[in-house]
Structure formats: C-alpha cells, structure tokens
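Lettering follows sequence order; numbering is per chain, from 1.
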Amino acid sequence: MALERNPLIAGRLEKLSALRENGVDPFPPRTPPRLPVEQVRAMGSGHGSEVSTSGRVRARREHGKTVFADLSDPTGRIQLYFNSREVSPELWRLLGHVDLGDMIWVTGTLFTTRMGELTLAVSGMTILVKAVRPMPVVKVDSSGEVHDAVSDPDLLYRHRCVDLLLNPVSRKRFEDRSRIISAVRAYLDGLGFIEVETPILQQLYGGASAEPFTTKYNFLDRECYLRIATELYLKRLLAGGFHRVYEIGKDFRNEGVDRTHSPEFTQLELYEAWSDYRGMMARFEELVVVSAEAAGKGGEVVYQGRTLRMEPPFPRIPFVDALHEKSGEKLFDFEPDRLARFAAGLGIPVESAARPALLDKLFDHFVVPGLVQPCFVTDYPAELSPLAKRNSSDPRLTERFEAFMAGIELANAFSEQNDPLLQRSILEAQAVEDGVRQGEVDEEFLYALELGMPPAGGLGLGVDRLVMILTDAGSIRDVILFPHLRREK
RNA sequence: GAGCCGCUAGCUCAGGCGGUAGAGCAUCUGACUUUUAAUCAGAGGGUCCGGGGUUCGAGUCCCCGGCGGCUCACCA
C-alpha cells in the first residue's frame with residue numbers, strides 16, 4: 001500500500017517536508033553525546049547539572065504553555081518537560097513537528113514534579129528520526145492495567161518490531177532466549193566441547209525421519225535438500241577424533257505447523273565420546289538447570305499455569321512399561337494386526353499400519369499427555385530407533401531416551417550405534433521401505449563407522465521448545481522472531 | 001490437508017429479525033503554566049478482507065476465494 005494513502009502517514013510526511021524546508025535534517029547522521037535513560041534516572045534530581053539523552057517519544061500531554069512527554073530507550077523511560085517561557089522559540093516550534101514515535105535527542109536539567117515524578121526540563125532538542133508510520137498507542141494506567149493492547153497475532157508476528165516495541169513480555173522473552181543459548185554454549189565450551197558447523201545444503205538427507213525441503217543446485221544440475229538433522233555429520237567428526245562436539249543451528253522439516261512444530265527450528269546436537277545415554281541424561285539435566293538460571297528461573301518454572309519442578313535427577317520411565325501401564329494392555333507384545341485393530345478402536349488413524357508407527361502413536365495417545373513433570377522415557381523399541389545401540393539385556397529395545405516436560409518432547413538421545421555392519425543393514429532395510437530416498441544410504445556416514453567411531457552418547461535438544469518452557473510461551477511462534485507466515489496479499 | 005471460529009477507522013472493539021456505519025484511543029483545530037490512561041470543546045477519517053449470488057435494499061443471508069487463530073491429521 002502506498003504510504004500516502006493513509007492520512008496519518010500523509011500528515012507525518014507533511015511535517016517531514018516542513019522540517020526539511022526549515023533546514024532541519026529529519027534523519028541526521030550522528031547522535032550528540034548522550035547517556036542511557038537508565039543512567040539519567042540514576043542521577044536523580046536537584047544537582048542542577050545538565051544531562052543529555054535520546055530515545056523514542058512514546059506519549060505527549062499538552063497544557064497550553066507547557067508540554068509533558070515520555071521518552072523511552074531500551075533501558076527505561078523518563079518524563080520530559082517543555083515550558084514555552086523557558087525554551088527558545090525555535091525549540092518550541094520544532095516541538096510542534098514532533099510526533100509520537102519520533103526519536104529525539106534532548107538536553108536539560110532534572111527536577112521532581114508536584115506529582116513526584118523525576119523529570120527532565122528540556123532546554124535543547126534535536127530530531128534524530130522522523131517516524132513516518134504511526135505505531136499503535138498502548139496506554140497503561142496508574143494501576144498498571146494495559147488499555148488497547150494490540151491483540152492481532154497476524155500484525156504482531158508479521159511486524160515483530162511492533163510487538164517488541166509494544167510488548168515487554170515479548171521483548172524479555174527474546175532477551176531470555178539469547179541468554180539461554182549463551183549459557184548453553186558456555187556450559188559446553190567449559191567442558192571442552194568444540195562448536196562446529198556442518199552443511200545445511202545437502203545432497204542426501206538423514207539423521208531423522210521427516211520430509212525435507214527440496215531445492216536445486218543449478219551448477220551441478222542436482223536436487224539438494226535442506227538438512228533435517230545434523231546427526232550423521234557430527235558422528236563423522238567423532239570418528240575423526242573430535243570427541244566432544246556440538247552444533248546449534250537450524251533444521252528444516254517440510255511438515256505441518258502447530259504449537260510445538262515450526263518448519264524451521266533451532267536444534268542443539270551434541271556428541272560425547274566414551275559416554276552413553278546415561279551420560280546424556282546428566283548432560284540434559286545440567287543443561288536445563290543452566291538454562292533456567294539464564295532465564296532467571298529457579299528450581300520451579302510455571303508453564304501455562306502448571307508448576308514444573310526442574311530439580312534433577314528427573315525420573316526414568318521405561319517406554320514399554322509406561323505404555324503397558326497407561327493402556328492397560330501388553331501392547332508391545334501384540335502382533336501388528338492386533339495392534340492396528342486396537343489403535344483403530346481408539347480412533348487412531350492406521351493408514352500406515354507399520355508396527356513402529358503404531359507403537360509411537362499409541363505412546364503419544366496414552367502416555368505423553370501425562371508427562372508434565374520433567375522426566376526421561378527410556379529404552380525405546382529398536383524399530384523406532386535405527387541409529388541407537390541395542391539394549392544388551394533385551395535386543396528388542398535400545399539405549400535411548402526422550403526427555404519430556406509439560407507434555408512436550410524436549411530432547412532425544414541415545415548410546416550411538418557404532419557397529420558399521422549392523423548399522424548398514426538397518427539403514428539399507430529402512431531405505432527399501434522408504435521410497436523417497438530410493439534405496440540410497442549415506443555411504444560417507446558408514447565409511448566413518450567402518451573407520452571406527454568411539455562409543456559415544458549423543459543428544460538432540462529442541463532449543464525453541466526449551467525457550468518456550470522457560471519463558472512460558474504458549475506457541476513456538478512466540479519464541480521465533482520471524483515465524484513462517486503466508487505472504488500478505 | 002480437514003473441521004470450527006474470526007476479519008468493521010491507524011489500534012482496541014460495538015453494530016437486535018436485512019433498512020443512510022458507531023465509540024474510546026490515535027490524528028487535526030481550539031482552550032489550558034507541574035500533567036501522567038491529563039482534561040475540556042469541536043472536526044476529519046471506512047473497498048465493513050476480496051469476488052459472486054439472493055433481495056426493492058446486504059457489514060448482516062447464501063456460495064467461492066484470501067489471511068489469521070484454535071483443534072485434528074502429518075511430523076520414527
């Protein structure tokens with residue numbers, strides 16, 4: 001939409017050209033020396049010395065010969081006071097061209113008003129930025145109640161800058177996200193892990209079962225994929241002698257979107273030689289504690305009204321035991337046909353009547369909703385875990401766990417399968433079932449196993465979901481700055 | 001991909017059974033020298049998401065489409 005069609009914008013554009021005609025640059029290249037608002041406030045009133053700051057004009061209250069305005073920067077908010085008897089006629093005229101949302105630099109002295117508010121009596125001002133587009137005005141009354149809060153999620157997701165400016169909760173959430181990721185890095189770096197970057201653009205995808213995004217590399221005239229996981233590359237590094245490695249980066253899955261799924265999401269994967277899935281439980285517990293601290297949370301986190309106790313050790317719940325207990329049936333021992341009939345009886349779609357998929361769906365149905373407090377579900381069926389080591393006591397199961405909280409899967413980890421012959425047969429069998437990959441297996445990955453990959457534990461952790469829980473976000477879109485949306489018409 | 005709900009001024013929202021489109025904030029004009037959701041008086045501002053249909057007449061009813069939200073499906 002053309003800017004001028006909005007009368008509010010047209011009015012601002014007129015003020016902007018009026019400023020230019022008077023020789024005022026509405027977008028000057030430099031800001032005069034200034035202190036952050038927070039520091040100005042800390043000085044307090046009564047010392048009489050001149051201070052300067054800058055920020056965005058967020059409110060304006062006119063009283064004839066005086067004007068009050070609120071100025072804010074990322075560190076805080078301060079009230080400005082303009083008195084037409086005390087400022088120059090030029091400044092008073094300039095003030096008439098300042099709109100809500102404009103950024104200004106001001107200088108003056110601090111005093112306290114009758115109402116007891118610390119205020120800067122302005123004696124000098126320059127315009128730093130003329131805001132051409134008005135932003136919604138949100139008011140907060142003396143009891144702290146917010147009026148006219150912008151509630152249109154489309155507007156807030158599409159124009160995240162508006163959301164960040166208007167919603168302190170959202171702003172804090174993204175600051176916490178940054179702190180959490182920094183804390184995760186600091187924790188792993190402190191243990192001697194090295195952070196690496198592996199390919200996002202791949203000619204063969206793997207490491208998870210998900211539909212990839214497909215693209216084309218023109219130079220090679222070849223189809224390429226965006227990665228769905230980093231697993232197979234990081235394990236090559238294990239074989240290559242990087243015994244503690246991790247990567248934090250985006251994975252892409254061409255699947256549906258919901259409260260906990262985004263097509264583009266941030267995953268931490270870490271691999272640690274000479275460890276196993278039990279070692280990964282300890283890593284997970286420590287990562288959660290460190291992250292909660294980074295988000296300013298203690299041992300208890302309230303998520304969507306439920307209190308989660310973040311105090312390790314988290315209980316271990318064997319997959320099969322939980323499934324049998326919650327369903328009241330020995331489902332793991334059912335023949336595939338009987339399992340399919342049982343699932344169909346519950347209204348669970350059984351199009352892909354494969355036993356592994358059914359077990360997983362039944363687990364999601366019976367067990368996952370009840371996994372509110374942090375816990376580990378352990379010993380997943382081997383059929384669901386092609387890259388995990390078999391359980392020595394029961395080869396139908398694997399040394400694997402998934403971590404859950406608030407019914408959300410946060411992490412997946414196992415003792416990594418490093419038998420190259422067994423791994424090859426599993427992957428080849430799977431490739432036959434999976435038509436999309438047309439029988440291809442990742443030979444480079446198998447090459448690394450053949451060379452010898454140390455026994456190791458590996459952990460994949462959904463960073464967005466961890467941030468959701470620690471910042472009480474109801475949707476993954478609330479913790480992704482620019483979530484995927486359809487194009488605006 | 002399916003079902004349900006929503007879309008009205010820049011923002012938040014009203015619009016009974018189909019009969020000339022409303023409020024608060026924001027904007028503009030005027031008043032006001034310590035206000036703070038400032039106040040008071042006045043004014044302007046609309047492709048009622050888009051298209052089609054029914055009707056003398058549609059923001060309102062019907063159909064198709066767009067975008068969003070929720071739920072489901074998909075996601076080892």
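- Checking the phosphate oxygens (OP1, OP2) of B/G68, a side-chain nitrogen or oxygen of A/R486 falls inside 4.0 Å.
- In B/C17 the base sits syn relative to the sugar, since the glycosidic angle is no further than 90° from 0.
- Under the rule for a side-chain contact (heavy atoms from CB on, under 4.5 Å), the partners of A/N391 that lie at least two apart in sequence or sit in another chain are A/D379, A/S393, A/L397.
- Ring pair A/F332/A/H324 is tilted by interplanar angle, where 30° to 60° counts as tilted.
- Residues A/F376 and A/F284 bring their aromatic ring centres within 6.0 Å.
- Checked for salt-bridge contact, A/D419 and A/K389 miss the test: no charged N lies under 4.0 Å from a carboxylate O.
- Regarding contacts with the backbone of B/A31, every side-chain N or O of A/K65 stays at 4.0 angstrom or more from both OP1 and OP2.
- For A/V137, the listed nucleotide lying nearest its side chain is B/C25; candidates were B/U35, B/C25, B/A76.
- In this structure, CG in A/L91 is found 4.5 Å from CE in A/M125, a value given to the nearest 0.5 Å.
- Proximity of the aromatic rings of A/Y277 and A/F414 is defined here by a centroid distance below 6.0 angstrom, and this criterion is not met.
- Consecutive Watson-Crick or G-U pairs involving RNA chain B, each under 3.5 Å on both distances, make up stems of three or more pairs at B:1-7 with B:66-72, B:10-13 with B:22-25, B:27-31 with B:39-43, B:49-53 with B:61-65.
- Nearest to the side-chain atoms of A/N6 among the listed nucleotides B/A26, B/G10, B/U12 stands B/G10.
- Proximity of A/R114 to the phosphate of B/U36: no side-chain N or O atom is located under 4.0 Å from OP1 or OP2.
- The side chain of A/Q79 has B/U35 as its nearest neighbour among B/U35, B/A76, B/G68.
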